[in-house]
Amino acid sequence: MALKVYSTLSGQKEEFKPFSEEQVTMYVCGPTVYDSSHIGHAMSAVVFDVIRRYLEFQGYKVRHAMNFTDVDDKIINRANKEEVDWHTLTEKYINEFLEGIDALNVQRASVYPRATEEIGNIIAAVAELVEKGAAYPVEGDVYYRISAAQEYGALKHQSLEDLRAGERVEVDSRKENALDFALWKAAKPGEPSWESPWGLGRPGWHIECSAMALRHLGARLDIHGGGADLIFPHHSNEIAQSESLTGARPFVKYWLHNGLLQFGSDKMSKSLKNFVTIQEILKMGDPDNLRMFVLNSVYRNPLNYSPENFEAAGRGLQRLKAVFDPTQQWGDPTATQGNPEANQTLQQEIESVRPDFIEAMDDDFNSPQAMACLFDLVKEIHKGRDAGASPALLHLARETLAELGGVLGLRLKEVNHATGPTDCGPFINLLISTRRELRAVKQFALADKIRQNLKELGVTLEDRADGTSWKFEK
RNA sequence: GGCGACGUAGCCAAGUGGUAAGGCAGAGGUCUGCAAAACCUUUAUGCGGCGGUUCGAAUCCGCCCGUCGCCUCCA
């Protein structure tokens, strides 16, 4: 049993063996902060959060860096359009993004470097590439010389000839090769810029990641992640420039790419304006709903967002969380008395669920398979309760569920109050006790009316043998 | 046009050679005053189509159809 991960570079699942057994380094490309981040960005953050959590569960220490691209054309344009300072704009969207992923229970990265805070390193990197002959300056711009790269198309599994074949972009005639890309861009009047050996300018998009990864994680990374749309050109360029810079190959041991979130017939994208923001999805209810939605399919495949699919995932989440409904009685967790058969069945499930879960996750983080393990456990917990399994065993089973769910970042024990106010409990309890008295004297019409009216207010009552529970429900 | 993926039930979605996980929705039942929840039973002789390889294919090969991504800023 060993963890296998699918690397885009090799195109197959490989046994996971980090450079160091002590610490895994993981660099994940973050957003360009010119607008609110959408749930596609959140999906990527959740995917790599699950990967990180699983590595930590397996005993690795993970050093995790996620960058913010905080200077580029779109940021400049947006700032001009809104007549705000570009720095104010990026600060706003960085904070919004961090608030969003906090709410989604994404663990904070070890470090969040920003392009504009790494200018010195970036200039040094570009200068070194020029010195080594892997880059050339042209009128204040600096381009990477693609001919200096080894196996340039390897990540995309495409030859240089094929890459050139479909070239539809207008080629800058000053470039030696159409595929050469900008490391440094000369500033136009009014743009944010920094002094450099080539005059005032700013970094190109790709070099920032190489410089930041090198500084914060070292010359070689275990894992480099991002959305599948970054494979080319961004990550291909990163490989080229990083390897030219450090001479260390491969730059990255495992390239992990998440499939893109589809919305309708296209990928969700800021430029296509067909997106749902993280903040919008958080308003829809339980923040773990999005995580559940993401976990429901393998991370490498595209995921199609629709309100219906999203809600279906939410109902599955409710099923898991119902096991931790605080209004239900599970008995004294130290009581070991119970029906022997029920105990044996539940005991077996508790013993088998963990290895099954690990086997699923070891197979390139197969979260749907892992979720199936959790649902099986839920089923056995309910069965065990109905069949009279001991409270101690039920407690152990529930703790196992919470723990394994936690490995995936699900907060199963947390009661979600997002859909209702938190201070109306005493009033609802008063209505419940009144209703109990009505039911005792068989005034069912009135009792049902109370239940129905509460339901319309978003409060669901459930009558059980041991009393009535309530919860917020949309 | 080139390259890379994908197409599994009403919906979402695992499964890469040995006879179709799981979730949502639906149906019947148990429980309940009723409802909900939970539990039980049930819902693909078939995995886009047509051929081929094999004792055996959703899984391998070929062709076709359809969808998506990348080739341009993108998680």
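Numbers restart at 1 for each chain; the letters A, B, ... are given by sequence-line order, proteins then strands.
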Short side-chain N/O contact to B:A14 OP1/OP2 from A:S367, under 4.0 Å:
no
By nearest-heavy-atom nucleotide on RNA chain B, the more 5' of A:R385 and A:F375 is A:F375
Would you please confirm or rule out a distance under 4.0 Å between OP1 or OP2 of B:C71 and any side-chain N or O of A:K156?
no
Taking the side chain as every heavy atom from C-beta outward, state whether A:K74 and A:D35 have any atom pair closer than 4.5 Å.
no
Using the aromatic ring of A:F444 (for Trp, its six-membered ring), decide whether it stacks on the base of B:G33 within the limits of 5.5 Å and 30°.
yes
Classify the side chain of A:R451 and the base of B:C34 as holding, or not holding, a donor-acceptor pair under 3.5 Å.
yes
Nearest-neighbour nucleotide for the A:A312 side chain, B:C40, B:C24, B:A75 considered:
B:C24
Among the candidates B:A75, B:A13, B:G15, find the nucleotide nearest to the side-chain atoms of A:N366.
B:G15
Look at atom NZ of A:K175 and say whether more than 12 heavy atoms of other residues, nucleotides or ligands are closer to it than 6.0 Å.
yes
Applying a 4.0 Å non-hydrogen cut-off, can you work out what A:D73 is touching in the nucleic acid: base, sugar-phosphate, or nothing?
nothing
Strictly below 4.0 Å: does A:R315 bring a side-chain N or O up to OP1 or OP2 of B:G23?
no
In whole angstroms, how far is the P atom of B:C6 from the CZ atom of A:R300?
8 Å
Can you check the A:H382 NE2 to B:G23 P distance for me, whole Å?
11 Å
Write down the distance separating the C1' atoms in B:A27 and B:C6, rounded off to the nearest Å.
33 Å
Of A:F251, A:W255, A:Y27, the residue whose pairing with A:H235 passes ring pair (Phe, Tyr, Trp, His ring centres under 6.0 Å)
A:W255
Kindly write out the residues that satisfy ring-ring contact (aromatic ring centres under 6.0 Å, His included) with A:Y144, not counting sequence neighbours, or none if the list is empty.
A:F181
Taking atom P in both B:G10 and B:G48, what distance in whole Å separates the two?
14 Å
Under 4.0 angstrom, heavy atoms only, what part of the nucleic acid is A:G226 near: base, sugar-phosphate, or nothing?
sugar-phosphate
Interatomic distance where CZ belongs to A:F263 and C1' belongs to B:A75 [whole Å]:
17 Å
Sugar-phosphate, base or nothing in reach of A:L260, heavy atoms under 4.0 Å:
base
Would you tell me if any nitrogen or oxygen in the side chain of A:R319 comes within less than 4.0 Å of OP1 or OP2 on B:A36?
no
For the side chain of A:R439 and the base of B:G33, is some donor closer than 3.5 Å to an acceptor across the two?
yes
Does A:D448 get its side chain close enough to the base of B:G33, under 3.5 Å, for a donor-acceptor pair?
yes
Is A:N301 close enough to B:A14 that one of its side-chain N or O atoms is under 4.0 Å from OP1 or OP2 there?
yes
Pairing nucleotide - B:C60, Watson-Crick or G-U, each distance under 3.5 Å:
B:G52
With a 4.0 Å cut-off on heavy atoms, is A:E311 in touch with a base, just the backbone sugar-phosphate, or nothing at all?
nothing
With respect to the side chain of A:Q369, which nucleotide from B:G4, B:A21, B:C40 is positioned closest?
B:A21
Tell me which one of A:D49, A:N105, A:N296 satisfies side chain to side chain donor-acceptor pair (under 3.5 Å) with A:R291.
A:D49
Ignoring hydrogens and angles, are the base of B:C12 and the side chain of A:N304 linked by a donor-acceptor pair under 3.5 Å?
no
Base, sugar-phosphate, or nothing: which does A:L461 touch, judged by heavy atoms less than 4.0 Å apart?
base
Is the shortest side-chain N/O distance from A:N296 to OP1 or OP2 of B:G22 below 4.0 Å?
no
Roughly how many Å apart are B:A58 and B:A21, using the P atom of each and rounding to a whole number?
14 Å
Under 4.0 Å, counting only non-hydrogen atoms across every strand here, what does A:G30 touch: a base, just sugar-phosphate, or nothing?
sugar-phosphate
Output yes when at least one side-chain N/O atom of A:K267 is less than 4.0 Å from OP1 or OP2 of B:C70, else no.
yes
Counterpart base for B:U72, defined by Watson-Crick or G-U wobble contacts under 3.5 Å
none
